[in-house]
Student: 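One structure coming up, written as C-alpha cells, with questions to follow.
By convention in this document, chain letters (A, B, ...) are assigned in the order of the sequence lines, proteins followed by strands, and residues within each chain are numbered from 1.
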Amino acid sequence: MTIDEQVKLLERGATIIPEGGIKDKLELVQKEKRQLRVKLGVDPSSSDLHIGHAVILRKMRQFQDLGHKVILIIGDFTAMIGDPTGKNKTRPALSLEETRKNGETYIAQASKILDSDPKKLEIRRNSEWLEPMGFAEVIKLSSNYTVARMLERDDFTKRYKSGIPISVHEFMYPLAQAYDSVAINADIELGGTDQLFNLLVGRDIQKEYGQIPQVTLTTPLLEGLDGIEKMSKSLNNYIAIAESAESMFKKAMQVNDDMLYRYIELSTNLDLVKMKELIRTDVKKAHRIYAAELVRIYHSESDIKNAEERYDYVAKGGIPDDIAEYKLDKNELEDGKIWVCKLYALSGLTQSNAEAKRMIKNRGLRLNGEKIEDTNLQLSLDKPLVLQRGKDKFVKVSL
RNA sequence: GGGUCGGUGCCCGAGUGGUUAAAGGGGACGGACUGUAAAUCCGUUGCGUAAGCUACGAUGGUUCAAAUCCAUCCCGGCCCA
C-alpha cells in the first residue's frame with residue numbers, strides 16, 4: 001500500500017488534527033525506519049466493552065495491520081482517584097485492585113479486536129509513571145496550562161455557566177492524560193470525539209517536554225440504542241462485544257431505523273452504498289443483515305443461524321430453550337405451594353412482590369406462556385415452570 | 001472568613017404545618033398497535049398479599065400532627081473579602 005492509500009484508510013470516518021498529520025507521521029517513521037506509536041487511553045472503571053468502544057479499537061487494528069505499534073494505556077491511576085463530581089455524581093473511588101481487575105477484563109475483550117502480537121501491542125498502566133510523581137513534578141506539569149484554557153473544555157464551560165460544581169482535581173485529568181503521551185512518546189493518540197480536548201492538551205504538554213506533538217485522531221461516538229444518549233453501560237443502552245450471539249442479534253434488530261445506517265457505518269465493514277440503498281428499499285432486511293454481521297464479527301458465521309432462529313421463535317411468542325434457571329428452596333413452600341408474586345420476586349424477574357402484583361394487573365407476566373390473571377394464584381412445583389416477563393425475559397423454576 | 005440562596009423519589013421539579021407515598025414533566029417498565037422498530041394510545045413506577053412501615057441532606061427539638069417551624073452540623077451555587 002502506498003502512503004496515500006494508507007492515509008485514506010486511516011482517515012476514513014475519523015477527524016485528524018492537524019490536518020494532514022497522519023501523512024506527515026507516516027512519512028516520518030518511514031524515514032526513521034520505525035513503527036508509529038499509537039496511543040489509546042482507556043478508563044478501567046467499567047468492565048463491559050460495547051460496540052461503541054469497538055469503533056476506536058477497530059481503528060487501532062487498522063494501524064496494527066499496517067505494521068504499527070499500538071499502546072493501550074490502562075488508566076488505573078486516574079481511575080483510582082475517582083470520577084469527577086460532574087454529571088454522573090460521585091462514583092466511589094476504585095481501589096487499585098479493582099482497576100487492575102477491570103483492566104484485565106478490558107484487555108480480554110479488546111483482544112477480540114486487536115492483534116495481540118507483542119510487536120504490535122504494548123499494554124501499560126499509567127500508575128507506572130503517575131504514582132511516583134512528586135508534588136513538585138505535578139506543579140511543574142500543571143504550570144503549563146491556564147485555568148482559562150481548561151475552562152474551554154466543553155463540559156467545563158457548561159458546568160461552570162450553569163453553576164454545577166467543578167472540583168480542582170478534575171483539572172488534573174486532562175493533564176495526567178497528557179502526561180501519559182509524554183511518558184510513552186506517542187506519535188498519534190486515538191479517542192472518541194469527546195476526548196478531543198484532552199488529546200489536544202497532550203500536544204501542548206508534549207511540546208513543553210521537548211517532544212514532537214502527537215497527531216490526534218478522533219472517531220464519532222456511537223449513540224446508544226435509545227438513539228439519544230451516547231452508548232454507555234450506565235444507561236444500559238449498549239450492545240456489549242462479549243454478549244451472547246442471541247442477545248446481540250436481538251439488540252441489533254432493535255436499533256432505530258433512523259440510527260441503523262450510523263450503526264452500520266461505525267460498527268461494521270459492510271458496503272455502505274449498498275446498505276444505504278437497502279435501508280431505503282427494505283429496512284427489515286437491512287436490520288437482519290446488520291444483526292447477522294455483528295454476530296459474524298464477534299462470534300462466528302455458524303452462530304448466526306441459531307441467533308436468528310431464536311429471534312424469530314420468540315417473536316412468534318415461543319419460549320426459547322436457553323433460559324436462565326432458578327432453583328427454588330423447598331423452605332419457601334407453604335403446604336407445598338408458593339404465591340405467584342413471591343415466586344417472581346425470588347426468581348429475579350421482578351424486584352419485589354409488590355411489583356409482581358402490579359405487573360400481573362398490567363398483564364405483563366406469563367406462566368408457561370399463558371398470561372396470569374389472578375394475583376392470588378398459588379403454585380405447586382411438581383413440574384418446572386417457565387416464568388416470563390414481557391416479551392423476552394424468561395426464567396425456568398424448579399425445586 | 002462575611003452575606004445570601006439552596007439540598008425533595010431514577011432524573012428534573014412543585015409543595016412552606018394536617019386532605020402528601022408527595023403535583024407536573026422526563027426516563028424506565030408493562031399492555032394495545034406493529035417489524036419483539038418508530039410514532040401514537042393506555043397502565044404502572046417505595047416496601048409489606050394486610051395491619052402498617054420507611055422516605056423529602058444528617059442529627060436533635062417544638063407540635064396532637066413536620067418535606068414544611070427551630071437548633072446544630074454536612075454539602076453546594078452566587079456575591080463580597
Student: Can A/Gln206 and A/Ser181 be said to form a side chain to side chain donor-acceptor pair (under 3.5 Å), step by step?
Tutor: CA-CA 7 Å; A/Gln206 278 179 308; A/Ser181 293; 4.8 Å; no
Student: Cation-pi check for A/Tyr238 against A/Lys251: NZ or CZ below 6.0 Å from the six-membered ring centre and within 45 degrees of the axis, yes or no?
Tutor: yes
Student: With both distances kept under 3.5 Å, what pairs with B/C73, Watson-Crick or G-U wobble?
Tutor: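 Its partner is B/G57 (Watson-Crick or G-U wobble, both distances under 3.5 Å).
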Student: Using the P atoms only, state how far B/A51 lies from B/C41, rounded to an integer number of Å.
Tutor: 35 Å
Student: B/G57 and B/C10: how far apart are their P atoms, nearest whole angstrom?
Tutor: 13 Å
Student: Any chance you could measure A/Leu151, atom CG, to A/Phe171, atom CZ, to the nearest 0.5 Å?
Tutor: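 With rounding to 0.5 Å, CG (A/Leu151) is 4.5 Å from CZ (A/Phe171).
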Student: With a 4.0 Å cut-off on heavy atoms, is A/Lys251 in touch with a base, just the backbone sugar-phosphate, or nothing at all?
Tutor: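 Nothing: the residue A/Lys251, judged by heavy atoms under 4.0 Å, touches no strand.
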Student: Check the distance between B/G30's C1' and A/Leu365's CG and give it to me in whole angstrom.
Tutor: 9 Å
Student: Reading RNA chain B from 5' onward, which residue's closest nucleotide shows up sooner: A/Asn236 or A/Thr375?
Tutor: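 With A/Asn236 and A/Thr375 compared, the 5'-side residue is A/Asn236.
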Student: In whole Å, measure the gap between the P atoms of B/C69 and B/G15 for me.
Tutor: 13 Å
Student: List every contact pair, protein side and nucleotides 34-39 of chain B side both N or O, where the distance is under 3.5 Å.
Tutor:
unit_1, atom_1, unit_2, atom_2, d
B/G35, O6, A/Asp257, OD2, 3.2
B/G35, N1, A/Asp257, OD1, 3.3
B/G35, N1, A/Asp257, OD2, 2.9
B/G35, N2, A/Asp257, OD1, 3.0
B/G35, N2, A/His287, ND1, 3.3
B/U36, O2', A/Gln254, NE2, 3.1
B/U36, O4, A/Tyr311, O, 3.0

Student: Donor-acceptor pair, distance only, cut-off 3.5 Å: does the side chain of A/Asn306 make one with the backbone of A/Glu309?
Tutor: no
Student: Would the distance check show the side chain of A/His50 and the main-chain N or O of A/Met231 forming a donor-acceptor pair, the cut-off being under 3.5 Å?
Tutor: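 Pair found, side chain donor or acceptor close to backbone of A/Met231.
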Student: Kindly say if A/Ser352 contacts the phosphate of B/G48, meaning a side-chain N or O under 4.0 Å from OP1 or OP2.
Tutor: yes
Student: Can you confirm whether the side chains of A/Thr78 and A/Asn126 place a donor and an acceptor under 3.5 Å from each other?
Tutor: yes
Student: When rounded to the nearest Å, what value does the distance between C1' atoms of B/C56 and B/G9 take?
Tutor: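 To the nearest whole Å, 8 Å.
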Student: Nearest whole angstrom, please: distance from the C1' of B/U44 to the CD of A/Glu355.
Tutor: 9 Å
Student: Given B/A32, B/G43, B/U49, identify the nucleotide with an atom nearest to the side chain of A/Lys371.
Tutor: B/A32
Student: For B/C78, which nucleotide in any strand shown is its Watson-Crick or wobble partner with both distances under 3.5 Å?
Tutor: B/G3
Student: For the P atoms, the ones on B/A22 and on B/C74, what distance do you get once it is rounded to whole angstrom?
Tutor: 34 Å
Student: With the criterion being N/O to N/O and under 3.5 Å, what pairs connect the protein with nucleotides 79-81 of chain B, and how long is each?
Tutor:
none

Student: Between A/Ile228 and A/Asn353, name the one whose nearest nucleotide on RNA chain B is closer to the 5' end.
Tutor: A/Ile228
Student: How far does the C1' atom of B/C11 sit from the matching atom of B/U16, given to the nearest Å?
Tutor: 24 Å
Student: For the side chain of A/Asp335 and the backbone of A/Lys337, is there at least one donor-acceptor N/O pair under 3.5 Å apart?
Tutor: no
Student: Rounded to whole Å, how long is the line connecting atom CG of A/Leu379 with atom C1' of B/U49?
Tutor: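 One finds 14 Å between C1' of B/U49 and CG of A/Leu379, rounded.
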Student: Report yes or no: does A/Gln211 contribute a side-chain atom to a donor-acceptor pair with the main-chain N or O of A/Val182 at less than 3.5 Å?
Tutor: yes
Student: Can you tell me the pairing partner of B/A28 across any strand shown, Watson-Crick or G-U wobble, with both distances under 3.5 angstrom?
Tutor: B/U44
Student: Check every atom of B/U45, B/G30, B/G76 against the side chain of A/Arg358 and return the nucleotide holding the closest atom.
Tutor: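 So the nucleotide nearest the side chain must be B/U45.
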Student: Look only at the side chain of A/Asn237 and the backbone of A/Ser232, and say whether a donor-acceptor pair between them is shorter than 3.5 Å.
Tutor: yes
Student: Can you check the distance between B/A66 and B/U59, where both ends of the measurement are the P atom (answer in whole Å)?
Tutor: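 Nearest-Å result for B/A66 against B/U59 at atom P: 15 Å.
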Student: From C-beta outward on A/Asn362, which listed nucleotide comes closest to its side chain: B/C29, B/G48, B/U44?
Tutor: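 My answer, after comparing the listed nucleotides, is B/U44.
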Student: May I have the step-by-step check of salt bridge (charged side-chain N to carboxylate O under 4.0 Å, His left out) for A/Glu301 and A/Arg296, ending in yes or no?
Tutor: CA-CA 5 Å; A/Glu301 187 69 39; A/Arg296 186 175 290 122; 2.6 Å; yes
Student: When the P atoms of B/U44 and B/G25 are compared, how many Å lie between them, rounded to an integer?
Tutor: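 That atom pair is separated by 13 Å.
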Student: Expressed as a whole number of angstroms, how long is the span from A/Gln351:CD to B/G48:P?
Tutor: 10 Å
Student: Is A/Arg159 close enough and on-axis enough to A/Phe156, meaning under 6.0 Å and within 45°, for cation-pi?
Tutor: no
Student: Tell me, yes or no, whether the heavy-atom count around A/Glu5 atom CD, taken from other residues, nucleotides or ligands under 6.0 Å, exceeds 12.
Tutor: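 Buried by this count: over 12 neighbours within 6.0 Å.
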Student: Let me know the distance between OH of A/Tyr344 and P of B/G30, rounded to the nearest Å.
Tutor: 13 Å
Student: Report the distance from atom CD1 of A/Ile166 to atom P of B/G76, rounded to the nearest whole Å.
Tutor: 14 Å
Student: Return the value, rounded to whole Å, for the distance between atom CD1 of A/Ile164 and atom P of B/G6.
Tutor: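 Spelled out: CD1 on A/Ile164 to P on B/G6 is 19 Å.
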Student: Knowing that exactly one of A/Arg58, A/Gln64, A/Lys59 qualifies, which makes a side-chain hydrogen bond (donor to acceptor under 3.5 Å, both in side chains) with A/Gln62?
Tutor: A/Lys59
Student: In Watson-Crick or G-U wobble terms, both distances under 3.5 Å, what is the partner of B/U34?
Tutor: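 Paired with B/U34, as far as the under-3.5 Å criterion goes, is no nucleotide at all.
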Student: So, is the end of the A/Lys276 side chain (NZ or CZ) under 6.0 Å from the ring centre of A/Tyr261 and within 45° of the ring's axis?
Tutor: yes
Student: Given atom CD of A/Glu334 and atom P of B/U49, what is their separation to the nearest angstrom?
Tutor: 11 Å
Student: Are there any protein N/O atoms within less than 3.5 Å of an N/O atom in nucleotides 50-52 of chain B, and if so, which ones and at what distance?
Tutor:
unit_1, atom_1, unit_2, atom_2, d
B/A50, OP1, A/Lys357, NZ, 3.1

